Amino acid sequence: MSELLLDLHNVTKLYPGVKALDNVDFALKRGEIHCLVGENGSGKSTMIKIISGVVAPEPGARLQMDGQTLTGGRARNMVDMGVRVIYQDLALFPNLSVQENIAFGLYGDTRGSLVNWRAVKKRAREAMSLIGLELDLSRSVASLSIAEQQQVEIARAIMGELKLLILDEPTASLTRAEVDRLFEVIQTLKARDIATLFVSHKLNEIFEIAERVTVFRDGRNLGAFDPASLDQNELVYLMTGQRVTTEPPKAVNEDAGVLLEVSNLSKARNYRDVSFTLRQGEILGIIGRLGSGRSELALSLFGMNPADEGTVQLDGQSLTLTTNAQATQAGIAYVPENRLTQGLVMPQSILANLTVTVLNTLMGRSGLLSANKRKQLAQDWVSRLAIKIPNLAAAVQTLSGGNQQKVVLSKWLATNPKVLILDEPTVGIDVYAKNSVHALVKQLAEDGMGIIMISDEVSEVLSNCHRVLVMDRGHILDEIIPGPDAENDLLTRFNLA
């Protein structure tokens, strides 16, 4: 039997005006843990669609799976061949139970009108045991954590004859402990000779799990590399063609006054006795695992999760923050963690998304919305943030993740805030886009804006913040000043690895 499970040659895919893949060769070994990396728009997603049979390549491509020559563009064939894809947005039935989701494929084989519940339970339990998953089979999937739902989907994939599992950005919403558990599952699959194609923007995870790394850039395959032969800087260069350097933020002006003062803020079951200050021109990091209370705190400062106790002062004035309108009027802006559901209206135009926060300032003499003012404002922000767009009328969902994030930033910067809260500002965007967002944040701070950056990436807060608050179980445990020993301190003392 050949060592190769998947062997693709001369794969090209054209879309109107775009060559998504350009004569790509790609190979995957049996039981291999293989990582695919590249910037947004590099061709990764198109390659996943071709491997899974969702789209067909241009004529001239040669596709082989398990020694068999394939006809592209037939998803059912690829499922039958043992290929499964698990996307960041999981494809489960939230109203159904764990066992119903795992054994869903059995229903098509059921004879008659009755479901064989004994068979459903038996097969679901068998699939769960193969990856060491222990859950109440009757529990609703909607009640599970994201990590548990992900494992349910993996268990469902094992129900068939699984040979290749494709994970697309699987760790974006997971805690470190949940990432560790996912990696254990991947190793379990490897022991069963099941290959994993792992796609992620988190380079530290690539080096942790990969046996080989394939790099895509501009629709081309630059090669498959042994991760031991690379470091993060070299991998970034391969992905982008540019050397990305990270400069710490410039020191806060000694004369800068306190901009925001939070005193003994508490919210039942969210956080307790939180106190801190933010100076003009300062970037304050808040780090903690998911569930630490960091996002709940941010939402309270934006009026969407009103605190039970405590005070907030901005420029020396006490604030009442019970709605986001109050926060916006006071000069506080908030970029949410999930830009797809909270930050943007995806089907609407770039123009509509960019200007939605300031429509009341764009009125003409007649008292009606001025189309010219609206368009000019949007064009100004597109230019200032170097947002790559086809045109202002295009739906925001057509943009890359990095450009979508810049649209979210623009719509809030248009309100001219004094304080900008960024909750996981670079989640799900590629390394070059991350660098662009970080550079923008530092420039805003230099211009005098106060910024709160929330993240679960140690390197992100240490590279971009003046101070870092460590949060756990609703409490601020300590304050860290970025420096040579800060990373080790965060990783060991607070178990944030």
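All figures in this text were calculated on a predicted structure; none of them were measured in a lab.
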[X]: which residues meet the salt bridge (Lys or Arg N to Asp or Glu O under 4.0 Å) condition with it, sequence neighbours left out?
X      : answer
Glu32  : Arg212
Glu39  : none
Lys388 : none

Would you tell me whether [X] and [Y] have side-chain atoms, one donor and one acceptor, within less than 3.5 Å of each other?
X      : Y      : result
Asn353 : Lys411 : no
Gln443 : Asp447 : yes
Thr426 : Glu460 : yes
Ser300 : Tyr271 : yes
Ser463 : His438 : no

Carboxylate-amine/guanidinium contact [X] [Y], below 4.0 Å:
X      : Y      : answer
Lys121 : Glu126 : no
Lys190 : Glu211 : yes
Lys267 : Glu296 : no
Arg294 : Glu424 : yes

Open item on the list: Looking at every heavy atom in both Ile387 and Trp381, which two are closest together, and how far apart are they?
Closed with: CD1-O, 4.0 Å

Open item on the list: On a heavy-atom basis, which atom in Ile287 and which in Leu490 lie closest, and how many Å separate them?
Closed with: CG2-CD2, 4.3 Å

TODO: Starting at CZ of Arg374, measure out to OG1 of Thr355 and round the result to the nearest 0.5 Å.
DONE: 3.5 Å

- [ ] For atom NZ of Lys373, decide whether the heavy atoms of other residues, nucleotides or ligands shown that lie under 6.0 angstrom number more than 12.
- [x] yes

Task: Met346, CE: over 12 other non-hydrogen atoms inside 6.0 angstrom - done: yes

- [ ] Sort and list the pairs that fulfil salt bridge (charged side-chain N to carboxylate O under 4.0 Å, His left out) and have at least one residue in residues 134-152, not counting sequence neighbours.
- [x] none

Open item on the list: By the salt bridge (charged side-chain N to carboxylate O under 4.0 Å, His left out) test, which pairs, at least two apart or in different chains, include something from residues 250-260?
Closed with: Lys250-Glu446

- [ ] If the plane angle is over 60° it's perpendicular, under 30° parallel, otherwise tilted; pick one for Phe302 and Trp412.
- [x] perpendicular

Task: ring pair (Phe, Tyr, Trp, His ring centres under 6.0 Å) pairs, two or more places apart, involving residues 123-153 - done: none

